[in-house]
Amino acid sequence: GLKQDKVPPRKFTLLIVDDEEGPRQSLRVVFKDDYTILLADSGPKAIELAKQNRVDAVISDIRMAGMSGIELLGQLKAVDPAIEVIMLTAYETIETARQALRYGACDYLNKPFDIGTMRTAVASAMERRALSDEMQLNNVRLLELQSQLQNQKLQEEITKSRGEIYASIIHDINGPLTIISGFIQLINQR
């Protein structure tokens with residue numbers, strides 16, 4: 001069957017960013033069996049990891065010493081716009097939520113988080129990432145197909161113009177022949 005030919009689905013990578021050890025470790029424990037886990041205790045560290053590894057989804061605290069989660073979100077999207085980012089906050093304000101969404105966060109959860117909600121959020125982030133992978137792959141395939149089609153069109157054009165050239169040569173050769181055969185017919189009729 002076709003199923004065996006498929007590449008086994010790659011293991012997705014989840015980056016957990018929090019300047020506190022506790023939340024980092026508890027999230028690691030929740031997801032360690034499902035994904036490849038990377039841990040960062042600051043925004044700059046997280047960006048470094050995202051540049052060195054293929055990161056699919058990120059869970060980041062919004063309030064961190066140094067670089068804020070919102071800043072980090074913007075910079076992660078600059079590294080790879082398809083990274084899905086889930087923001088965590090202990091202090092819900094409409095403004096941070098609005099900013100997070102404006103910068104392209106895919107989810108916004110409160111601390112302390114409910115494990116079920118967190119699992120669902122990460123699963124749907126990974127699903128979206130898989131979809132954008134697929135779309136990218138399809139785009140690449142489309143471009144390849146387009147260039148193949150263009151090559152084919154070019155070949156057809158060449159063949160067609162060759163055909164036209166031959167046709168006009170034959171026409172030029174035929175010209176005098178038709179006249180001659182016309183004469184012959186005339187002579188024969190006499």
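Predicted model, so just to flag it, every value in this text is computed and none were measured.
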**Q.** Test side-chain hydrogen bond (donor to acceptor under 3.5 Å, both in side chains) applied to Gln75 and Glu71, step by step
**A.** CA-CA 6 Å; Gln75 296 209 23; Glu71 259 180 278; 4.9 Å; no
Q | Closest contact, heavy atoms only, Gly43 versus Met67 | A | CA-SD, 3.8 Å
Q: Identify the heavy atoms of Lys45 and Ala40 that sit nearest to each other, and give their distance.
A: CG-CB, 3.9 Å
Q | Worked verdict on Val122 versus Tyr35 for side chain to side chain contact (heavy atoms under 4.5 Å, CB included) | A | CA-CA 10 Å; Val122 172; Tyr35 311 110; 3.5 Å; yes
Q.
With heavy-atom distances below 4.5 Å as the criterion, would you say the side chains of Ile62 and Gln99 are in contact?
A. no
Q) Pick from Leu15, Thr13, Leu39: which one makes a side chain to side chain contact (heavy atoms under 4.5 Å, CB included) with Leu49? A) Leu15
Q: Could you tell me the separation between the CD1 atom of Ile16 and the CG atom of Asp41, rounded to the nearest 0.5 Å?
A: 13.0 Å
Q: Supply the atom-to-atom distance Asp133 CG to Met126 CE, rounded to the nearest 0.5 angstrom.
A: 11.0 Å
Q. Would you say the side chain of Gln148 lies within less than 4.5 Å of the side chain of Gln152, judging by non-hydrogen atoms?
A. no
Q. Could you give the distance from CD1 (Ile86) to CG (Asp61), rounded to the nearest 0.5 Å?
A. 13.5 Å
Q: May I have the step-by-step check of side chain to side chain contact (heavy atoms under 4.5 Å, CB included) for Met87 and Thr96, ending in yes or no?
A: CA-CA 10 Å; Met87 306 303 289; Thr96 50; over 6 Å; no
(Q) I'd like to know whether Lys51 forms a salt bridge (charged side-chain N to carboxylate O under 4.0 Å, His left out) with Glu48, so could you lay out the CA-CA distance, the side-chain angles of the two residues, the decisive distance to 0.1 Å, and finally the verdict. (A) CA-CA 5 Å; Lys51 283 179 178 167; Glu48 207 175 294; over 6 Å; no
**Q.** Interatomic spacing from CD in Glu127 to CD in Glu84 - rounded to 0.5 Å
**A.** 10.5 Å
Q) Has the side chain of Arg129 got a donor or acceptor atom that lies under 3.5 Å from a matching backbone atom of Ala82? A) yes
Q. Are any non-hydrogen side-chain atoms of Asp80 and Val55 less than 4.5 angstrom apart?
A. no
Q. Would you call Glu156 and Lys153 a salt bridge, taking side-chain N to carboxylate O under 4.0 Å as the test?
A. no
**Q.** Side-chain heavy atoms of Leu38 within contact of Leu14, under 4.5 Å
**A.** no
Q) Below 4.5 Å, heavy atoms only, C-beta onward: do Leu137 and Glu134 meet side chain to side chain? A) no
Q) Under the criterion side chain to side chain contact (heavy atoms under 4.5 Å, CB included), which of Val17, Val85, Ile83, Val58 is the partner of Leu73? A) Val85
Q: Can you see which heavy atom on Gly104 is nearest to which on Lys77, and at what distance?
A: O-CE, 3.2 Å
Q) Roughly how far apart are Gln146 CD and Asn151 CG, rounded to 0.5 Å? A) 12.0 Å
**Q.** Over all atoms of both residues, closest heavy-atom pair of Ala121 and Leu109
**A.** CB-CD1, 3.9 Å
Q. Mind checking whether Leu72 and Val79 sit in one hydrophobic cluster, side chains of I, L, V, M, F, W, Y counted as touching below 4.5 Å?
A. yes
**Q.** Charged N-O contact under 4.0 Å between Arg28 and Asp18
**A.** no
**Q.** Tyr103 to Gly74 - nearest heavy-atom pair and separation
**A.** CD2-CA, 4.0 Å
Q) Is any side-chain heavy atom of Ile59 less than 4.5 Å from a side-chain heavy atom of Phe113? A) no
Q. Regarding Arg54 and the six-membered ring of Phe12, is the cationic atom NZ or CZ under 6.0 Å from the ring centre and inside 45° of its axis?
A. no
Q: Check whether any side-chain heavy atom of Leu27 sits under 4.5 Å from a side-chain heavy atom of Leu88, and report yes or no.
A: yes
Q.
I need the Ser124 OG to Leu131 CG distance, nearest 0.5 Å.
A. 11.0 Å
